[in-house]
Amino acid sequence: MKQQPEIPVPDTISQKHRVKPDHIVHGGDIESAHRQYGTPIDKWIDLSTGISPLPYPDTKIATDVLTRLPYQRDSFRSAVRAYYGDYDFLATNGSQQGIAALPHCLKTLPIVLPDVGYQSHAAAWMQQGAESIHYPSQHVDAATRVIEKLIASGRAFHLLVINPNNPTCCRFSPTTLQRWSRRLVDGAILIVDEAFADLYPGQSVLAEGFAANMLVFRSFGKFFGLPGLRLGFVFAASSLLAAMRASIGVWDVNGAAQEIAIRAFRDRDWQTKTRQRLHHLAVENQKMWQCLFDSLRRQGYPVSEAHQLLFSSYTLDENPAKRLFDVLAQNAVLVRIIYLEPGRAIIRIGRIDTQRGQQVARINRIIRQSIDTMQLS
Ligand SMILES: Cc1ncc(COP(=O)(O)O)c(C=O)c1O
């Protein structure tokens, strides 16, 4: 049997992992891209997020939804329960709001975090002054070995899993998560960020094995393609939800978000068709970009790739990654670049709707130009 290389169990945080909240770069910031590259806002193709390009279409809202204060409606609560499962929940202004509020509401313990992942988690815990420990999150096996060693050490900590991980695509089964939650010490919480789980509903711990010491974040914006509505959810034990509710305050979800989400959650037909279409889009989008990364490989650059339905992540050396980001941006295509240690970076590319022929033709043209430019550089 092949021997696995020994992975040391990390001790405490190293300086390189410290994320300052004001240094976090998020995707979708076309305004900044416009200021940097000068291209008018409406000319950009934004592939810098993992948001579905197939938004829920029925977004009209009645005026009284805006003229009334947005107390949570019964019909909203029942639509949420029908979609996610019959659990107690907190609705938030995007899952980001819950992520920022959580560390103040939990018992003070170190937090075990993925070394690469949605950075607002690390920032929130850092603001709280928590000690943090990082596990490698680019490969499931390496992550599993480190997490299991940490659990076996008997130390007390909260554990965060982003499932599937953005941007590494690393994914754990609900059975693994249940096993870990059972082995955490009393008072410790397994936090599962399922912002991208709508694409694989059977893989959610809400579908199977949700435990009292788990907290699950869900995001409405990704799969339903409406991040501007700002809607997210937290599922956890009632006492923890009460602490978070107190920190977030009244009118947690605006009226427009409730109104549109009620229809979107009830529209099973749209959900099923959209999942099917996103499967096709993922395959077609991956094919489209393949020639660019194959060309980089032929030039001697090592490129590894990971995919999930709403984005693909290509890991390469930092210099060609920066160059590629720049070449694409000069052609008005915005992707995400995520810097890793040491000297490597991820180029994360979101999806376009391949039924939009003009956009596809433009991307294909830009990919060909980028191949030529990268060959000359
Ligand atoms: C893994 C993950 N969690 C949470 C969020 C926050 O999403 P939102 O606040 O729009 O629900 C994001 C946004 O990109 C994300 O990638």
Side-chain angles (χ1 to χ4, degrees), residues 19 21 24-30 32 46-53 55-56 80 83-84 89-103 111 113-125 134-135 137-138 143 159-172 177 190-200 203-206 214-236 244 248 252-254 256-258 260-261 264-265 306-313 334-338 346 348-351:
V19 189
I24 295 184
V25 179
H26 289 284
D29 191 357
I30 293 287
S32 300
D46 181 14
L47 301 179
S48 67
T49 74
I51 291 157
S52 169
Y56 185 67
V80 170
Y83 182 77
Y84 292 109
F89 70 87
L90 171 68
T92 52
N93 194 333
S95 53
Q96 171 59 40
Q97 190 184 27
I99 290 170
L102 179 64
I111 175 77
L113 298 160
D115 62 352
V116 183
Y118 185 61
Q119 286 185 304
S120 294
H121 289 286
W125 285 93
H134 290 79
Y135 62 86
S137 60
Q138 284 188 276
L159 170 61
L160 169 74
V161 174
I162 301 173
N163 212 36
N165 184 295
N166 167 20
T168 71
C169 304
C170 195
R171 182 147 48 121
F172 305 95
L177 297 178
L190 173 60
I191 305 154
V192 190
D193 180 342
E194 293 191 346
F196 291 92
D198 303 57
L199 281 311
Y200 324 87
Q203 289 289 306
S204 165
V205 285
L206 296 178
M214 286 183 184
L215 176 142
V216 177
F217 286 116
R218 297 292 293 250
S219 172
F220 180 80
K222 315 271 183 271
F223 169 61
F224 290 96
L226 300 172
L229 266 192
R230 306 308 304 136
L231 181 58
F233 297 91
V234 185
F235 297 87
M244 291 186 78
I248 284 170
D252 43 10
V253 180
N254 68 75
Q258 291 191 48
I260 293 168
F265 283 147
H307 307 273
Q308 61 127 304
L309 292 186
L310 289 179
F311 59 81
S312 292
S313 290
L334 189 63
V335 297
R336 261 305 296 280
I337 182 161
I338 296 140
I346 292 176
R348 194 195 66 191
I349 306 180
R351 305 295 183 218

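Both ligands and their constituent atoms are indexed starting at 1 by order of listing. Note that the structure is predicted; figures quoted are calculated from it, not measured. All residue numbers in this chain count up from 1 along the given sequence.
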(message) Test ring-ring contact (aromatic ring centres under 6.0 Å, His included) on Phe220 and Tyr83; report intermediate values, then the result.
(response) CA-CA 11 Å; Phe220 180 80; Tyr83 182 77; 8.2 Å; no
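- Tyr200 places a side-chain N or O within donor-acceptor distance of the main-chain N or O of Leu309, the cut-off being under 3.5 Å.
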Pairwise, report which nitrogen or oxygen atoms of ligand 1 are under 3.5 angstrom from protein nitrogen or oxygen atoms, and how far apart they are.
| unit_1 | atom_1 | unit_2 | atom_2 | d |
| --- | --- | --- | --- | --- |
| ligand 1 | 3 (N) | Asp193 | OD1 | 3.3 |
| ligand 1 | 3 (N) | Asp193 | OD2 | 2.7 |
| ligand 1 | 7 (O) | Ser95 | OG | 3.3 |
| ligand 1 | 7 (O) | Lys222 | NZ | 3.1 |
| ligand 1 | 9 (O) | Ser95 | N | 3.1 |
| ligand 1 | 9 (O) | Gln96 | N | 2.9 |
| ligand 1 | 9 (O) | Arg230 | NH2 | 2.8 |
| ligand 1 | 10 (O) | Arg230 | NH1 | 2.9 |
| ligand 1 | 11 (O) | Ser95 | N | 2.8 |
| ligand 1 | 11 (O) | Ser95 | OG | 2.7 |
| ligand 1 | 11 (O) | Ser219 | OG | 2.7 |
| ligand 1 | 14 (O) | Lys222 | NZ | 3.2 |
| ligand 1 | 16 (O) | Asn166 | ND2 | 2.7 |

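- Exactly one of Asn163, Leu159, Val216 qualifies for a side-chain contact (heavy atoms from CB on, under 4.5 Å) with Leu177. That residue is Asn163.
- Side chains of Asp252 and Thr92: a donor-acceptor N/O pair is absent below 3.5 angstrom, by distance only.
- The cationic atom of Arg218 (NZ for Lys, CZ for Arg) does not lie both less than 6.0 Å from the six-membered ring centre of Phe233 and within 45° of the ring axis.
- Residues satisfying the side chain to side chain donor-acceptor pair (under 3.5 Å) criterion with Ser48, sequence neighbours excluded, are Asp46.
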